[in-house]
Amino acid sequence: MGRPNEEVEALLQEYADLVAISGGDAFKARAYEKAARSIGGHPTDVSTLDVKGLQEIPNVGKSIAEKVVEYLSTGRVTALEETRASIPAGVRALLTIPTLGPRKAMTLYEELQVSSVEQLLDAVHEQRLRDLKGFGEKTEANILHGIALMQKAGKRILISAAMDVADQVVADLSQVEGCEGCAYAGSLRRMQETIGDIDVLVAADASGPFMEAFSSLPYAAEVVASGRKKTSIRTTKGLQVDLRVLPPDAWGGGLLYFTGSKAHNIRIREMAIRQGYKLSEYGLFHAKSGRKAVSATEEEIYAKLGLPWIPPTLREDRGEIAAALKGELPEVIQEEDVRGDLHTHTDLTDGLAPLEDMITAAAARGYAYYAVTDHAPNLYMQRMTDQKILAQREQVRALDGKHRKMRLLHGTELNIGPEGDLDWPDDFLAGFDLCVASVHSHFNQTRDELTRRLIRACENPHVAIIGHPTARQIGKRPGIDADFDEVFAACARTGTALEINSHPQRLDLCDEDILRAKRYGVKFAVSTDAHSVTHLPYMRYGVGTAQRGWLTKDDVINTWPLQRLRRFLAGPRT
DNA sequence: GCCGTTTTCGGCCCGACTGTTTTCAGTCG
């Protein structure tokens with residue numbers, strides 16, 4: 001699931017952007033955007049559907065359905081190709097700069113012939129934007145700031161995009177005859193929030209068949225390097241994947257070495273030297289004789305060095321080796337420990353799937369409980385009303401019990417206003433099983449204002465969880481500049497949990513903030529913020545991030561049995 | 001371009017903020 005849907009989503013989004021840039025009907029652009037989002041979040045593989053079936057998907061009509069079928073059968077869409085021809089790809093890339101939308105991008109292209117981020121930088125530095133209508137000094141500064149933010153993210157991609165490719169490569173190479181093991185390593189195995197390139201390892205006696213299969217994968221656009229031990233490809237999406245084939249008896253050494261991090265590897269290599277060994281990607285060897293000590297598994301290598309196996313998400317040289325030596329390595333949370341999702345949406349607001357579909361999908365994940373938390377009225381664009389949310393509550397109550405083992409919680413995601421104010425008065429909030437409260441706007445208040453604002457939300461007796469606490473979006477927007485030490489202290493004092501938002505674009509809190517917050521004694525909720533059934537599996541990224549923050553089951557309220565969770569949700573929060 | 005109907009075309013998420021302009025266009029959530 002997912003692959004063709006995501007391709008089609010990207011295609012329709014591109015068309016929407018091009019329509020907007022070329023000054024086409026704004027509603028047409030929005031129609032394509034809506035269709036893109038619907039297809040991206042649709043549970044059925046679109047490549048199995050015909051024109052009629054496609055039209056069953058909300059926001060997909062005849063015209064878009066036909067374009068999708070054209071794409072799936074020929075790999076191209078004539079209308080899109082024609083639009084592409086009139087607007088260079090670089091112009092569309094300008095849209096990724098925050099504060100630059102389609103209108104300004106078009107002006108830049110038409111007036112200054114700017115058709116790439118580099119050309120835009122040049123134009124700014126040559127002060128050529130100043131003469132354009134609607135552009136001023138501030139606009140220039142915002143553009144420079146936006147470009148700097150993008151360049152900082154560099155060529156790294158979101159973990160979800162890397163994971164999709166890695167899962168596919170591992171699945172494909174595992175089919176090759178003679179495969180005794182296949183796994184991804186590197187920063188992806190350590191669940192870093194962004195990924196540069198993907199390392200895949202195969203255990204096998206002969207490397208040839210794997211290198212050949214790897215080079216001829218359908219999504220391999222280019223073979224960058226090809227040898228006996230290592231082959232590198234670039235995928236059709238421009239992502240580099242390295243394959244290394246190891247002898248099965250050197251699997252552990254290779255996996256350890258290529259998982260990293262570099263700093264962790266240096267530490268354990270130093271330990272090896274002190275104990276008369278030499279550690280390399282081929283395994284652990286006796287320094288004097290050069291004879292192999294162990295290499296088949298990571299566990300054996302760690303054990304020989306006097307260490308327990310260390311989970312990859314902890315291998316960042318943040319004290320994990322010292323903790324391991326003292327027997328104080330945390331037993332980090334696992335995805336199986338999660339009993340429910342505490343932040344999800346439906347099509348009552350900006351989610352894509354109806355309540356029943358979300359619940360059915362959640363039950364299929366084996367959850368013991370599941371919270372529906374649609375947006376509240378102050379996020380005006382969602383048009384929430386008291387009547388709508390109460391009607392939803394009735395529906396939730398009626399559906400509770402339909403899935404034998406899963407209980408339903410009716411909640412909401414409140415908007416934390418500029419003054420720390422919330423959408424509804426306390427007596428109305430008391431009617432919810434669970435309130436998540438999040439910042440959605442006014443990101444540029446002063447540090448004091450932002451801090452007070454978050455603390456006020458924590459102090460509300462009904463707010464149990466602060467959603468995506470820093471409101472950052474990876475590669476797009478930095479987190480808000482609040483004094484989070486103060487916020488963490490307030491959360492600990494009031495018994496308010498901090499969310500670890502599992503959406504790959506957010507991963508908020510991030511690992512370092514989690515480590516800091518944990519020292520205050522705060523509890524956490526690992527939630528997906530799912531807007532479609534296809535987002536529910538994002539839980540793995542939230543759990544990975546929680547692991548990187550050294551969290552155990554006990555730190556995370558949605559691993560707790562329902563009764564204990566309910567007691568926490570009830571407060572007190574004075 | 002999609003949708004929903006007042007079945008054939010008009011409405012489409014609304015409000016606020018930013019920066020430029022001096023009344024509003026563009027962008028964002």
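Here the structure is a predicted model, which is why all the values come from computation and not from measurement.
Here the rule is side-chain hydrogen bond (donor to acceptor under 3.5 Å, both in side chains) with Asn501(A), and of Thr545(A), Asp508(A), Asp529(A) only Asp529(A) fits it.
Counting heavy-atom neighbours within 6.0 Å of Arg76(A) CZ, excluding the residue itself, gives a total of 12 or less.
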Just the table, please: protein N/O against nucleotides 24-27 of chain B N/O, every pair under 3.5 Å.
{"residue": "dT27(B)", "atom": "OP1", "partner": "Gly101(A)", "partner atom": "N", "Å": "2.5"}
{"residue": "dT27(B)", "atom": "OP1", "partner": "Gly101(A)", "partner atom": "O", "Å": "3.1"}
{"residue": "dT27(B)", "atom": "OP1", "partner": "Lys104(A)", "partner atom": "N", "Å": "3.2"}
{"residue": "dT27(B)", "atom": "OP2", "partner": "Arg103(A)", "partner atom": "N", "Å": "3.2"}
{"residue": "dT27(B)", "atom": "O5'", "partner": "Gly101(A)", "partner atom": "N", "Å": "3.4"}

Output one line per pair: protein atom, nucleotide atom from nucleotides 18-21 of chain B, and distance, for all N/O pairs under 3.5 Å.
{"residue": "dG19(B)", "atom": "OP1", "partner": "Asn142(A)", "partner atom": "ND2", "Å": "3.2"}
{"residue": "dG19(B)", "atom": "O3'", "partner": "Thr139(A)", "partner atom": "OG1", "Å": "3.4"}
{"residue": "dT20(B)", "atom": "OP1", "partner": "Gly136(A)", "partner atom": "N", "Å": "2.8"}
{"residue": "dT20(B)", "atom": "OP1", "partner": "Gly136(A)", "partner atom": "O", "Å": "3.1"}
{"residue": "dT20(B)", "atom": "OP1", "partner": "Glu137(A)", "partner atom": "N", "Å": "3.1"}
{"residue": "dT20(B)", "atom": "OP1", "partner": "Lys138(A)", "partner atom": "N", "Å": "3.2"}
{"residue": "dT20(B)", "atom": "OP1", "partner": "Thr139(A)", "partner atom": "N", "Å": "3.1"}
{"residue": "dT20(B)", "atom": "OP1", "partner": "Thr139(A)", "partner atom": "OG1", "Å": "2.9"}

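Separation of the P atoms belonging to dC13(B) and dG4(B) is 12 Å when rounded to the nearest angstrom.
As rounded to whole Å, 9 Å separates atom P of dA16(B) from atom NE2 of His442(A). Note: CZ (Arg30(A)) to P (dG11(B)) measures 16 Å, nearest angstrom.
In this structure, Tyr32(A) reaches the sugar-phosphate backbone alone: every heavy-atom distance under 4.0 Å involves primed, P, OP1 or OP2 atoms, never a base. Residue-level contact check: Val19(A) touches neither bases nor backbone, having no heavy atom under 4.0 Å from any strand. Residue contacts shown for Tyr15(A) are absent, as no nucleic acid heavy atom lies under 4.0 Å away.
Both cation-pi conditions hold for Arg477(A) and Phe443(A): the charged atom is under 6.0 angstrom from the six-membered ring centre and inside a 45 degree cone around its axis.
His345(A) has its ring centre less than 6.0 Å from the ring centre of His343(A).
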